[in-house]
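Read the structure below first, then the notes.
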Amino acid sequence: MDALSGPATSILTPGETCWRLERAERLAYIVDAADYFRAAKAAMLQARSRIMLIGWDFDTRIELEPNEATLEGPNRLGDFLSWLIDRQPELDIYLLKWDIGVFTGIGRGMPPIFLLNWITDKRLHLRADSAHPVGSAHHQKIVVIDDAFAFCGGIDMTVERWDSREHREVDERRTDPGGAQHGPWHDATVAVDGAVAGALGELARDRWFTASGEELAPIDAGDAHVWPDFLEPTLRGVDVGIARTRPEFAAHEEVREIEALYLAAILSARDTLYIESQYLAARTLADAIAQRLQDPECPEIVLVLPRHAEGWLEQKAMDGARHRLLHLLWEADKHGRFRAYYPVTAAGSPIYVHAKVLVMDDRLFRIGSSNLNNRSMGFDTECDLAVEGVPGVTAIRDDLLCEHLGVTESELAEAIHAAESSVIGAIEVLREQPGRTLVPFEPDDVEGEDNVLAENELMDPESPPALLPEWIRTAQAAALKSTSIFSTGR
């Protein structure tokens, strides 16, 4: 049935737009690493049998509470994990990190994790994940505790991630282990318990087996109490879809559930489609948005992106791709229903957007590790969670807008009402107020950002190397021998 006529059809379909649907007794969406790191520490304190940390990167030197330690145990991640092992004799900790990230960590002064095996307890298991095509990245960000509780989203437990929701211009708490301060950083994740946490445990164990060859048994969650007492659930008793991207590799078939989920949300949106992403580079998704924008009944579509990608090479490639796709969307926007913004501090400095969030109408909420780039659709390993058909998910969108615009929920609600339910109209009014705000991308802003690296198969491939031209496979292999240069969506 057409998405714009008659009753809405289901978006979350196991085997198509998600791997499976599982129940969450509680779900809490968490914005920015200050709250996430503290909640993760609190949850790990409750672990009895197993903690699995599956991620793009981990830096054992980071402080989980850099402002003030309020929870038991050491504050640095590595010291804390070692302390947990000593404290809980039945506990095993499994940490899996993307193998190329191991070498980038050396440049930051962190010992590679395979060397840490020589100096840590036998119950602290550390592995480098190399089970992926050349140039691909293991990009999932998952923490599972006793198969009873899990985090899944976009926040890595590494340097340059910690920030509070205030996103101050200067904040001494945003200091890396080497003493350097970094700028404001916006990110998001979710916490879940119940059957969906058990399913994420299964996914984490499968990834560990793929990377290490070691098979881990499931854990009977029983009456485990892991949920942090101070973490307020956003939703209760909801079915959660788990969507994945996995490239074809060895015995694994390609999985593109995340791409299918994005396309279904773009097609099905009726009133508003709100997306936060580190990148705008996926041509397939941009074409789908452009097609909707030409429809007189198009929903309002709002993208929140960083002002620039990080690093010179990423800017050349990813900002160049964004340049082309923004022009595509501006040209398709026949009815004034599209805006792209970047957030700034009260002093006007850009706030880096690393969050990967989608809210469609008051119907669908998705959060995870995937960006709007080609890699996330078919080349890297990704994991997203989504909830459908639960009233009130627009409150998540509005909470994010309140953070970006520096306003209260009531101020935003009044502005949306005054703009006759137009989210774009409300943003345009509120962004003129002093303080943190959203700045619209304009054609002049991205002038000169187009270049030959934009939308190219070397920097942002959509398929594993076996399916790519020979010259690209050769260039990728040569680059990996010298340094990690690929745009992997930090």
Problem - Aromatic plane relationship, Phe365 with Tyr29 - under 30° parallel, 30 to 60° tilted, over 60° perpendicular - result: perpendicular

Handout entry: Pair His167 and His404, ring centroids less than 6.0 Å apart
Key = no

Exercise for the section: Tell me whether the centres of the aromatic rings in Trp185 and His354 are closer together than 6.0 Å. Expected result: yes

Side-chain donor-acceptor pair under 3.5 Å between [X] and [Y], yes or no?
X	Y	result
Ser370	Tyr262	yes
Thr70	Glu65	yes
Glu214	His125	no
Thr17	Glu257	no
Asp99	His132	yes
Glu169	Ser349	yes
Tyr352	Gln278	yes

Does any part of the side chain of [Y], heavy atoms only, come nearer than 4.5 Å to the side chain of [X], both counted from C-beta?
X	Y	value
Val31	Leu400	yes
Leu405	Arg436	no
Met360	Arg397	no
Glu276	Tyr274	yes
Arg307	Val353	no

To the nearest 0.5 Å, tell me how far [X] [atom1] sits from [Y] [atom2].
X	Y	atom1	atom2	value
Asp239	Glu388	CG	CD	10.0 Å
Asp163	Phe37	CG	CZ	10.5 Å
Leu45	Gln88	CG	CD	11.0 Å
Arg366	Leu12	CZ	CG	11.5 Å
Ile155	Thr158	CD1	OG1	12.5 Å
Leu385	Leu200	CG	CG	5.5 Å

Mark yes or no for whether [X], through its side chain, and [Y], through its backbone, hold a donor-acceptor pair below 3.5 Å.
X	Y	result
Asp380	Ala137	yes
Ser277	Leu372	yes
Trp98	Ser136	yes
Lys41	Pro74	yes
Thr189	Ile30	no
Lys97	Phe58	yes
Arg23	Gly237	yes
Arg174	Arg168	yes
Arg76	Arg61	yes
Asp146	Arg48	yes

Practice task
Show your working on side-chain hydrogen bond (donor to acceptor under 3.5 Å, both in side chains) between Ser376 and His139 and close with a plain yes or no.
Solution key: CA-CA 9 Å; Ser376 288; His139 198 238; 4.8 Å; no

Practice task
Using a strict cut-off of less than 4.0 Å between a Lys/Arg side-chain nitrogen and an Asp/Glu carboxylate oxygen, indicate whether Glu382 and Lys141 qualify as a salt bridge.
Solution key: no

Exercise for the section: Decide, yes or no, whether a salt bridge links Asp193 with Arg26 under the criterion of side-chain N to carboxylate O below 4.0 Å. Expected result: yes

Practice task
Under the side-chain contact (heavy atoms from CB on, under 4.5 Å) rule, what do Val357 and Ile275 come out as? Steps first, then yes or no, please.
Solution key: CA-CA 6 Å; Val357 178; Ile275 302 175; over 6 Å; no

Heavy-atom closest pair, residues [X] and [Y]:
X	Y	answer
Leu124	Ser82	CD2-OG, 4.2 Å
Ile54	Ala204	CG1-CB, 3.8 Å
Ala34	Ser164	CB-CA, 4.0 Å
Arg375	Thr245	O-CG2, 4.4 Å
Ala197	Phe149	CB-N, 3.4 Å
Asp362	Gly392	OD1-N, 3.0 Å

Exercise for the section: Flag this pair as yes if the NZ/CZ of Arg205 is under 6.0 angstrom from the six-membered ring centre of Tyr94 and inside a 45 degree cone about the axis; otherwise no. Expected result: no

Problem - More than 12 heavy atoms of other groups within 6.0 Å of Glu409 CD - result: no

Handout entry: Stepwise side-chain hydrogen bond (donor to acceptor under 3.5 Å, both in side chains) test for Gln140 and Thr381
Key = CA-CA 6 Å; Gln140 297 167 339; Thr381 54; 4.7 Å; no

Completion exercise
From the list Thr345, Val304, Leu438, side-chain contact (heavy atoms from CB on, under 4.5 Å) partner of Ile351 resolves to Thr345

Fill in the blank from the handout: Tested for side-chain contact (heavy atoms from CB on, under 4.5 Å) against Met44, the lone hit among Leu81, Leu91, Ile93, Leu71 is Leu81

Exercise for the section: Could you please spell out the steps behind the salt bridge (charged side-chain N to carboxylate O under 4.0 Å, His left out) verdict for Arg20 and Glu202? Expected result: CA-CA 12 Å; Arg20 54 206 272 190; Glu202 180 181 336; 2.9 Å; yes

